[in-house]
*Asks:* 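My structure is below; once you've seen it, I'll send some questions.
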Amino acid sequence: METPDSFDAALQSLTDEQLLDHLAESDQPELLQAEVRRRLQRRADDELRAQQHAEISRMVEHLEQSRVDWQAVREFLRETFLEFTARPEEPDQDAH
Amino acid sequence: MSLDNSTERKIYSASTNGAPLPEEQDTTTVQRPGLIARLPITGRTRKIVEWLSIVAAVYILITAVGVIGSGFGAATGGQAENLFVFAQNPVVGLVIGVLATVLTQSSSTTTSIVVGLVAGGLPLETAIPILLGANLGTTMTSTLVSLGAAGDRNQFRRAFSAASVHDMYNILSIAIFFPLEWSFGILERVGTWFAGITTGSDGGIIATVFTAFGDAVSAVTDPGADLIEAGALAALPDVWAGIFMIGLGVALILMVIKFISNMLKVLLVGNVEKMFHKAIGRGPISGIFSGLLITVMVQSSSTTTSLAVPLAASGKFSLWQIYPFTVGANVGTTMTAMIAAFAFTGGEATAAMTAAAVHLFYNIFSAVTIFLIPFLRPLPVRGATWIGSLGAKNKLYVVAWLAGLFVVLPALMIGISALFS
């Protein structure tokens with residue numbers, strides 16, 4: 001009889017195609033679906049990690065971006081002031 | 001459904017299967033300080049000159065802290081306690097620390113100046129709230145950096161949240177340790193103990209090593225500081241000479257800390273990048289140590305926390321990944337004040353080291369307390385998420401947050417404490 005550990009190991013040793021074939025033929029697909037979900041999650045994590053490493057590889061660019069851009073600060077404050085002081089639009093007189 | 005995916009081939013293996021890290025970054029694209037950039041040298045010669053310029057800048061930093069100490073002694077004539085009676089209210093001291101750091105945009109500058117002032121006679125109980133305030137004041141820089149992402153609402157939400165996590169963490173640590181310090185003087189006791197074992201005559205091997213190193217540094221930096229002191233005292237009356245020396249020391253510290261930070265960024269960008277690569281996926285403790293080491297490398301917590309802003313804005317890093325990194329930056333920035341404390345010998349060295357140690361232990365205790373107590377740990381992230389969402393909805397909230405944190409709240413605190421004192 002297969003133990004749960006040896007069954008897990010057997011599942012993990014399957015290629016993606018074999019796993020999908022088993023999934024299509026199985027009467028009780030729960031364990032196989034869990035394995036699919038685990039693989040998808042692991043690949044999503046790996047994908048994110050790859051993106052993070054790629055982002056870090058742009059360190060020089062990020063170091064330049066980490067300086068205070070006083071022009072951007074002034075522009076931000078100006079826009080905020082304009083938004084704050086802007087009057088709500090007059091209702092359209094002709095509509096009434 | 002297909003599971004075919006080539007993602008894993010793209011994974012850098014620093015944290016996975018041990019393959020080599022990416023090649024060291026070409027440092028020539030990082031903007032050099034103007035003076036160094038204009039030198040007609042290249043290659044190894046440039047690198048040697050750049051490292052020598054950092055050594056010279058550290059020399060000037062230590063000399064300048066010594067000049068501030070002497071200047072403060074001359075200006076106050078040993079009556080610092082009486083002259084600084086206005087700052088004996090701890091709330092006023094805290095606000096001075098916040099505002100001074102907002103103005104200089106460098107907590108290292110504020111803490112180095114305070115170390116010099118304590119060595120020159122400023123009472124430690126007056127200095128401690130200023131050191132605590134410096135931590136909060138330095139958060140302004142990363143918030144200003146985040147405004148650069150205002151063009152894209154989602155990017156701005158992430159950038160502003162990443163900057164605010166530093167604000168929230170420092171507000172929380174002040175909320176915990178400021179009243180504790182006011183009531184029980186915990187940091188003062190720990191700082192005094194640390195200075196005792198590092199500079200005291202009965203401290204054994206640690207004191208011997210620290211004192212020998214301090215004496216060696218002082219032997220090199222004292223002549224410069226003495227020359228400035230002698231010149232100032234010869235040209236001006238004592239009080240004015242003291243004020244001139246404080247002004248000169250502050251100006252020198254401002255310049256050299258900015259120079260050191262910019263130069264180290266140029267020289268160590270490759271190492272900073274490697275450290276980031278290694279920290280990814282290794283959990284919060286690794287994040288704290290990375291933040292700490294990177295801050296020690298670039299001698300600026302503002303640089304480290306501001307660096308987190310574009311990383312978070314990219315959407316690839318969560319606030320929970322940024323948070324430990326900023327906590328480490330807080331601890332790492334205390335190193336500058338420790339270096340500055342070597343400007344002095346004897347009793348002055350003990351006083352200076354006590355102030356530097358207070359800053360160090362405040363940040364260590366904050367990190368340990370907030371990270372180890374489960375209900376405290378998520379508060380900075382929750383607060384930052386909340387303020388980030390508000391700021392992305394309406395820019396007015398951002399301005400209100402900045403004005404509230406750095407203008408209205410300090411004014412209110414001074415007003416309320418004046419009412420009850």
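Chain letters run A, B, ... following the sequence lines, proteins first, then strands; residues in each count from 1. Both backbone and side-chain heavy atoms feed into the values below; hydrogens, waters and symmetry mates do not.
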*Asks:* Given a strict heavy-atom distance threshold of 4.5 Å, which part of A/E83 is in contact with chain B: side chain, backbone, both, or neither?
*Replies:* side chain
*Asks:* Donor-acceptor pairs under 3.5 Å, side chain of residues 319-330 of chain B to any protein atom, not counting sequence neighbours: which ones?
*Replies:*
from, atom 1, to, atom 2, distance (Å)
B/Q321, OE1, A/Q52, NE2, 2.9
B/Q321, OE1, B/S318, N, 3.1
B/Y323, OH, B/R377, O, 2.9
B/T326, OG1, B/Y323, O, 2.7
B/N330, OD1, B/H166, NE2, 2.8
B/N330, ND2, B/N170, OD1, 2.7

*Asks:* Identify which part of B/F156 has an atom lying under 4.5 Å from any heavy atom of chain A, answering side chain, backbone, both or neither.
*Replies:* side chain
*Asks:* Look at A/Q51, A/H62, A/Q71 and state which one has the largest set of heavy-atom pairs under 4.5 Å with chain B.
*Replies:*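 Heavy-atom pair counts peak at A/H62.
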*Asks:* Is A/E79 close to chain B through its backbone or its side chain, or both, or neither, when contacts mean heavy atoms under 4.5 Å?
*Replies:*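 Side chain only.
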*Asks:* Provide the closest heavy-atom pair for B/F317 versus B/L311 in the form atom of the first, atom of the second, distance.
*Replies:*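 In this case the closest contact between B/F317 and B/L311 is CD1-O, 3.5 Å.
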*Asks:* Do A/R74 and A/L77 come close enough that some side-chain heavy atom pair is under 4.5 Å?
*Replies:*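 With C-beta onward as the side chain, the pair stays apart.
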*Asks:* Side chains of residues 286-298 of chain B: which donor-acceptor pairs under 3.5 Å do they make with residues two or more places apart or in other chains?
*Replies:*
from, atom 1, to, atom 2, distance (Å)
B/S290, OG, B/S286, O, 2.7
B/T295, OG1, B/G291, O, 2.6
B/T295, OG1, B/T304, OG1, 2.8

